[in-house]
Amino acid sequence: RQESKLRNDVVQVIQDVYELELIPEASEKIKISKRVDDYFGSCRWGEFYDQPLISEFFEKLRNRRTSIDDELFFLDIGANTGSFCFLTNILENTSCFCYEPNQEVYEILTENVILNNLENKVECHNVGIWESNCEKEIKIPGKGIDSGLGTLASNITRFSSLKEGDFQVKTIKCVSVDSHMKDKNIQKVDAIKIDTEGAELPVLRGCEAVLKRDKPLLLLEYTEKTTNQFGYKREDIVHYLIALGYNNFWLVGEGDLIAE
């Protein structure tokens with residue numbers, strides 16, 4: 001009943017929505033609350049950000065199944081207001097978990113999932129992902145243009161202003177992928193998208209059991225701009241994955257990596 005009430009409240013409150021094309025292959029538009037304009041995240045200026053990357057992920061995820069009846073499950077770590085998760089509206093028998101630690105952004109993500117009637121396919125979690133279960137401090141910039149740059153790093157370098165008072169520091173709950181998949185009794189993970197402003201390597205370390213068991217498709221943010229905030233080089237990600245049996249890597253643009 002609570003979920004039904006939340007859904008009704010969201011649909012009633014949100015009058016203004018964008019209807020956007022997620023990828024060229026999709027015939028149905030995705031409904032997005034115009035509240036995303038305040039956060040400059042997964043949608044910008046009435047369009048999904050990084051559509052070519054979403055399309056690339058879609059193709060490789062689709063190729064993971066051997067028949068139309070195969071179920072696919074993926075993780076969207078650093079989901080922001082939502083984009084990759086809406087592939088569940090296009091691919092049959094596909095579901096995902098979304099993780100977004102910023103409370104305000106998480107609320108918009110949840111609204112967008114409800115607007116598209118995807119509550120049974122997309123499960124949203126307001127937690128951070130790390131290499132272990134713990135509490136950590138997240139730095140959340142105050143400026144909307146920087147809202148996607150919230151980070152668990154102590155060495156902040158990407159906010160447009162680092163003056164005191166221009167960002168908030170909040171203590172949040174973090175979990176590892178391995179522990180959360182065990183708690184949720186998830187038997188197979190087909191793909192993982194990670195965009196965590198430099199925390200990709202710690203996140204992967206917390207995925208080790210899943211990576212060894214399932215060898216999921218990976219899409220990672222892969223840039224020195226973010227890894228420097230955590231004190232490691234982006235190549236360290238590749239070295240870690242090679243040790244786990246990954247041997248196919250594609251650089252997409254200048255700042256994203258696909259691994260299989």
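Hydrogens, waters and symmetry mates play no part in the numbers below; they use all other heavy atoms, side chains included.
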Query raised in the report: Could you walk me through whether K233 and E224 pass the side-chain contact (heavy atoms from CB on, under 4.5 Å) check?
Result: CA-CA 6 Å; K233 299 295 185 182; E224 298 285 320; 3.4 Å; yes
Requested in this report: Step by step, work out the side-chain contact (heavy atoms from CB on, under 4.5 Å) result for L109 and N80.
Outcome: CA-CA 7 Å; L109 167 66; N80 203 275; over 6 Å; no
Requested in this report: Give the C-alpha distance, both sets of side-chain angles, the deciding distance and a yes or no for salt bridge (charged side-chain N to carboxylate O under 4.0 Å, His left out) between R35 and E111.
Outcome: CA-CA 10 Å; R35 289 180 63 196; E111 291 172 2; 2.5 Å; yes
Requested in this report: Show your working on side-chain contact (heavy atoms from CB on, under 4.5 Å) between I77 and D195 and close with a plain yes or no.
Outcome: CA-CA 6 Å; I77 301 174; D195 184 350; over 6 Å; no
Requested in this report: Applying side-chain contact (heavy atoms from CB on, under 4.5 Å), run through V177 and I129 and close with a yes or a no.
Outcome: CA-CA 7 Å; V177 167; I129 299 295; 3.8 Å; yes
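The closest side-chain heavy-atom distance from T110 to V113 is not below 4.5 Å. You'll find the side chain of T226 stays beyond 4.5 Å of the side chain of L149, heavy atoms only. In this structure, the side chains of T171 and K136 stay at 4.5 Å or more apart for every pair of heavy atoms. The shortest distance between side-chain heavy atoms of I30 and E19 does not fall below 4.5 Å. Considering only heavy atoms from C-beta on, E100 stays 4.5 Å or farther from N126 through its side chain. Residues L152 and C174 are in side-chain contact: their nearest non-hydrogen atoms beyond the backbone lie under 4.5 Å apart.
Of the inter-residue distances, the one linking T88 atom OG1 with L72 atom CG reads 11.5 Å to the nearest 0.5 angstrom. Between the CD atom in E135 and the NZ atom in K170 there is a gap of 14.5 Å [rounded to 0.5 Å]. To the nearest 0.5 Å, atom CZ of residue F86 and atom CG of residue L91 are 14.5 Å apart. Note that CD1 of I138 and CG of N102 are 6.0 Å apart. Values are rounded to the nearest 0.5 Å. Rounded to the nearest 0.5 angstrom, I23 CD1 and E59 CD are separated by 7.0 Å. Taking CD1 from I192 and CE from M181, the interatomic distance works out to 8.0 Å, rounded to the nearest 0.5 Å.
When only modelled atom types and interatomic distance are considered, E47 and Q51 share no side-chain donor-acceptor pair under 3.5 Å. Counted by atom type alone, S176 and S179 present one or more donor-acceptor pairs between their side chains at under 3.5 Å. Side chain to side chain, N112 and S33 fail the donor-acceptor criterion of an N or O pair below 3.5 Å.
Checked against the 6.0 Å centroid threshold, Y246 and Y240 do not count as a close aromatic pair. Remark: aromatic rings of F97 and F73 are close, center separation under 6.0 Å. Side-chain rings of Y106 and H125 stay apart, their centers remaining 6.0 Å or farther from each other.
Contact check on K188 versus D214 returns no salt bridge, with no Lys/Arg side-chain nitrogen under 4.0 Å from an Asp/Glu carboxylate oxygen. A salt bridge is defined here as a Lys NZ or Arg NE, NH1 or NH2 lying under 4.0 Å from an Asp or Glu carboxylate O, and R65 with E71 fails to meet this definition.
The heavy-atom pair separating V122 from C98 by the smallest distance is CG1-SG, 3.7 Å. Listed here is the closest heavy atom pair of F74 and F84: CZ-O, 3.5 Å. A pairwise comparison of heavy atoms in L20 and I32 identifies CD1-CG1, 4.1 Å as the closest pair. Smallest separation of non-hydrogen atoms from L22 and S83: CD1-O, 3.6 Å. Contact detail for K184 and E123: the closest heavy-atom pair is NZ-OE2, 3.0 Å. Of all non-hydrogen atoms in L220 and I237, the two that sit nearest each other are CD1-CG2, 3.6 Å.
In the displayed structure, E104 atom CD is contacted under 6.0 Å by at most 12 heavy atoms of other residues, nucleotides or ligands. Counted within 6.0 Å of CG on D183, heavy atoms from surrounding residues, nucleotides or ligands total more than 12; the atom is thus considered enclosed. Within 6.0 Å of the CD atom in E28, the count of heavy atoms belonging to other residues, nucleotides or ligands does not exceed 12.
The main-chain N or O of A153 is found under 3.5 Å from a side-chain atom of K139 such that the two form a donor-acceptor pair. Of the possible donor and acceptor atoms, one in the side chain of Q229 sits under 3.5 Å from a partner among the backbone N and O of E197. Distance alone, capped at 3.5 Å, is enough to place a donor-acceptor pair between the K193 side chain and the G78 backbone. Not one N or O on the side chain of T196 forms a donor-acceptor pair closer than 3.5 Å with the backbone of I194. Using a distance-only test at 3.5 Å, with no hydrogens or angles considered, a donor-acceptor pair links the side chain of D178 to the main chain of E208. Between the T223 side chain and the K225 main chain, a donor and an acceptor come within less than 3.5 Å of each other. A distance-only check finds no donor-acceptor pair linking the side chain of E56 to the backbone of I54 [under 3.5 Å].
Y232 and L211 fall within a single hydrophobic cluster, where Ile, Leu, Val, Met, Phe, Trp and Tyr side chains are chained together by heavy-atom contacts under 4.5 Å. By the rule that hydrophobic residues join a cluster once side-chain heavy atoms approach within less than 4.5 Å of another member, Y99 and Y49 end up as members of separate clusters.
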Acceptor/donor pairs from residues 247-260 side chains to any protein atom, 3.5 angstrom cut, sequence neighbours excluded:
{"residue": "E260", "atom": "OE2", "partner": "R64", "partner atom": "NH2", "Å": "3.3"}

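Both cation-pi conditions hold for K34 and Y18: the charged atom is under 6.0 angstrom from the six-membered ring centre and inside a 45 degree cone around its axis.
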